[in-house]
Every structure is written in structure tokens, then in C-alpha cells.
Amino acid sequence: MALRIATWNVNSVRTRLDQVCAWLQAEAPDVLCLQETKVADDLFPHTAFEALGYRAVISGQKAYNGVAILSRQPIEDVRVGFAALLPDDPAAVELGEQKRVISAWIEGVRVLNLYVPNGSALTSQKYPYKLEWLACLRRYLEAQDAQGEPLAMVGDFNIALEARDIHDPERLSGGIMASDPERQALRDALGDRLEDVFRVFEPDAGHWSWWDYRTGAWDRDTGWRIDHIYLSEELLACATACVIHRDQRGNEQPSDHAPVTVRLAWPTDPAEDGDGEGDDAGGW
DNA sequence: ATGTCTGGCGAAGCCAGA
């Protein structure tokens, strides 16, 4: 039994629809989590994904933010926003105005899809919002932990946790997406329960998931690794690969982010004696 | 290295956000 989960900040799902569909056909992940869908729920392009065998659950808004979970496997128990687990937390309710959080139960895994606020600049009012959001994420994950579910938390975290996650750590450390307060806030949220699975397989620098449109970053390969997949202990033991699909950043009219995928595999139950349903297509 | 790309508004270029 194998489950492949992907995450991709697509910077408008309608603008990127053909690229996302082509990538789904090429890679055929079981689950694809999208961020920055930038579309109201009644305009989400469900039919294009259904034609490829994916059902989508969504939390979107006009123009900004927006998250979605696409799955070939049955989707159960969808939770939208922090307030789904923190109904009595005023901050959780207020932060729900921006659509950045959705989770679902898929094949025995709690898939949590996040679009962490960017923060803009250390001097911006958006920066304290980012810290407040991360503090709420900590409370949310404590409530999630109490559910006792295997957890795969994926998304655009807009934070590079370590020097090896930035192309020029000397210049960029301490600035937005690499400041101590936001790094500590994310580490506090992660606790000792969640592990960045990419680092299980790749210890070196030079692996990025985001290249700024503005600075010719793709041509210079001056990127950041800010799109992450965090696994709880029991899923970490099942992880067989974690890959950044950087080729997608080289598309015509690309998103500024590349997809990231994780493959989870566990022994097939002998009682089922199935053929694995051909889940190993794609080679990772 | 304030540059590039997106959507909104509204009908063409500006603005905000990243």
C-alpha cells in the first residue's frame, strides 16, 4: 500500500489550470494540496480535476489566498480553518477570514494543507499577523495532536528554518521568511511531534522550492526552500522518498513555486492480498 | 537588485500582494 501526497503553491489555480492538470496526469499523485488558489468557491474549476479522477475540497476567496485538497482516494471529515478544532478561540475565528487552512482524512492519514502568511517585511503590519497566525497554529496542532491521528502537514510555510534552506544565508538570515521570531514560532508549533521529511533524504543546501519572480531568481537559481511536508512519527517511518519537482518552475508562465511530493508506503495487509492497485507509477 | 507576475476594477492602466 502506498500513498503519494503533493503540495504546490500555484499562484492562481485558474491561470495555472493547464499546468496543474498536465502535472497530475504525468505524476498521478493520490493527493495534491494547493495554495494561493485565488478564486471564490463557486468559481473553482472542479470539472477539470474530476475529468482526471480527482475530487476537490476547497476553502477559497476572491483574489487572495485560498487552499484546496485534490484526491483520487475518498475524502472524509473535512475541516476548514483553525476554528474547526478551536471553536472557542477568538483568534482562530478571526484568522479564518483569510482562507489558509483546510484538512481532510484520506486513506487513514490526516492531511493538513496550510498557506502561512508571507508577512511582507519585518516592518509591515503583516509581520505581527504572521506571528499571531503561527501562535494559533501551535494551539491548533495541540488540538490536532489530541485527536491521535497520523498527520501529514504540508504547504507553503513562507519560512526557511535553516541556513541550508536559503541560497544566500549570510545576506538573508534575519529578514522576512528567515527571522528568529517567525522561525521560533514555527518550531514551537512543530514541537517534537512533526519532522520535515525532505531532510530525512537530503541534508545538503541547494534544493529550493521557490524562486522570486522579481530578481531573475530562476535563471540564477537563487531560491528558497519554503514549501514543506511535515510528518508525525508513525508516517515518518513509512516515508520512502521526498522530491521537489523543480522542473515545473521552468514552465511557460510558471508559478513561482515548485511542487513537493512525499511517498508513504507500508506493508500490504496479508489478509487483503491485493496487487497494490498499480500505485508505484511515477517512479518515486 | 523596487524587479515580476497575479487579480480587481472596469474597459486602460493603476493598485495591492507576494
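Protein chains get the first letters and strands the later ones, always in sequence-line order, with residue 1 at the start of each.
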Trainee: Calculate the interatomic distance between A:Tyr64 atom OH and B:dC9 atom C1'; express it in whole Å.
Mentor: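 These atoms are roughly 11 Å apart.
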Trainee: Are the side chain of A:His245 and the backbone N or O of A:Val260 linked by a donor-acceptor pair below 3.5 Å?
Mentor: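 Checking the backbone N and O of A:Val260 against the side chain of A:His245, no donor-acceptor pair under 3.5 Å is found.
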Trainee: Given B:dT6, is OP1 or OP2 found less than 4.0 Å from the side-chain N or O atoms of A:Gln253?
Mentor: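 For B:dT6, OP1/OP2 do have a side-chain N/O of A:Gln253 under 4.0 Å.
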Trainee: For A:Arg220 and A:Thr215, which I'm curious about, is there any donor-acceptor pair between the side chains at under 3.5 Å?
Mentor: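 There is no such pair (donor and acceptor under 3.5 Å, judged by atom type) between the side chains of A:Arg220 and A:Thr215.
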Trainee: May I ask you to check whether over 12 heavy atoms, not counting those of A:Asp192, lie within 6.0 Å of atom CG?
Mentor: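 Incorrect, the count does not exceed 12.
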Trainee: Among the nucleotides B:dT4, B:dA18, B:dG7, which one has an atom lying closest to any side-chain atom of A:Tyr213?
Mentor: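 Out of B:dT4, B:dA18, B:dG7, the nucleotide with an atom closest to A:Tyr213's side chain is B:dT4.
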Trainee: Please check the phosphate of B:dG7 (OP1 and OP2 only) for any side-chain N or O of A:Thr15 closer than 4.0 Å.
Mentor: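 Answer is yes, contact under 4.0 Å.
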Trainee: Quote, to the nearest angstrom, the C1' distance that separates B:dG17 from B:dT2.
Mentor: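 Nearest-Å result for B:dG17 against B:dT2 at atom C1': 14 Å.
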Trainee: Do any N or O atoms from the side chain of A:Arg55 and from the backbone of A:Ile69 form a donor-acceptor pair under 3.5 angstrom?
Mentor: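 Checked: no pair found.
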Trainee: For B:dG7 versus B:dA12, give the span between their C1' atoms, rounded off to a whole number of Å.
Mentor: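 Per the computed distance, 15 Å lies between those C1' atoms.
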Trainee: For B:dG17, does OP1 or OP2 lie under 4.0 Å from any side-chain N or O of A:Lys126?
Mentor: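 Yes.
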Trainee: Rounding to an integer number of Å, can you tell me how far A:Tyr127 OH sits from B:dG17 P?
Mentor: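 Checked: the OH to P distance equals 19 Å.
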Trainee: Would you mind telling me which of B:dG8, B:dG3, B:dA18 lies closest to the side-chain atoms of A:Asn118?
Mentor: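 Of the options given, the side chain of A:Asn118 lies nearest B:dA18.
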Trainee: Measure from CD1 on A:Ile159 to P on B:dA18 and round the result to the nearest Å.
Mentor: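 The distance from CD1 of A:Ile159 to P of B:dA18 comes to 14 Å, rounded to the nearest Å.
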Trainee: Using the C1' atoms only, state how far B:dG3 lies from B:dA16, rounded to an integer number of Å.
Mentor: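 It comes out at 16 Å once rounded to the nearest Å.
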Trainee: If you only use heavy atoms from C-beta on, which nucleotide in B:dT6, B:dT4, B:dG8 is closest to the side chain of A:Arg214?
Mentor: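 Between B:dT6, B:dT4, B:dG8, the one nearest the side chain of A:Arg214 would be B:dT4.
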Trainee: Just compare B:dG3, B:dT6, B:dG7 and give me whichever is closest to any side-chain atom of A:Ala63.
Mentor: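 My answer, after comparing the listed nucleotides, is B:dG7.
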Trainee: In terms of side-chain heavy atoms of A:Lys62, which of B:dC9, B:dA1, B:dA18 is nearest?
Mentor: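 Among the listed nucleotides, the one closest to the side chain of A:Lys62 is B:dC9.
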Trainee: Counting neighbours of CD on A:Glu233 that are heavy atoms of other residues, nucleotides or ligands and sit closer than 6.0 Å, is the number greater than 12?
Mentor: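 Result for CD/A:Glu233: open.
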Trainee: Taking only the P atom of each, what is the distance from B:dG10 to B:dC15 in whole angstrom?
Mentor: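 Pairwise P distance, B:dG10 against B:dC15, rounds to 15 Å.
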Trainee: Rounded to the nearest angstrom, tell me the gap between atom CG in A:Asn9 and atom P in B:dG7.
Mentor: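 These atoms are roughly 12 Å apart.
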Trainee: For A:Pro254 and A:Tyr115, take the nucleotide of DNA chain B holding the closest heavy atom to each; which residue's nucleotide lies nearer the 5' end?
Mentor: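 Closest to the 5' end, via its nearest nucleotide, is A:Pro254.
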Trainee: In whole angstrom, give the distance that lies between atom CD1 of A:Ile176 and atom P of B:dA1.
Mentor: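 Result: 20 Å.
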Trainee: In whole angstrom, what separates A:Gln125's CD from B:dA18's C1'?
Mentor: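 These atoms are roughly 18 Å apart.
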Trainee: Would you kindly give the NE2-to-P distance between A:His257 and B:dG17, to the nearest whole Å?
Mentor: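 Spelled out: NE2 on A:His257 to P on B:dG17 is 17 Å.
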Trainee: Would you confirm whether A:Glu149, through its side chain, and A:Gly108, through its main-chain N or O, come within 3.5 Å as a donor-acceptor pair?
Mentor: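 Such a contact is absent between A:Glu149 side chain and A:Gly108 backbone.
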Trainee: Nearest whole Å is fine: how far is B:dA1 C1' from A:Arg171 CZ?
Mentor: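 Answer to the nearest Å: 8 Å.
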Trainee: So which nucleotide from B:dG8, B:dT6, B:dA18 ends up closest to the side chain of A:Arg14?
Mentor: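 Nearest to the side-chain atoms of A:Arg14, counting from C-beta on, is B:dG8.
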Trainee: Nearest heavy atom decides the nucleotide; on that basis, is A:Asn11 or A:Thr215 closer to the 5' end of DNA chain B?
Mentor: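 Mapping each residue to its closest nucleotide by heavy atoms, the 5'-most match is A:Thr215.
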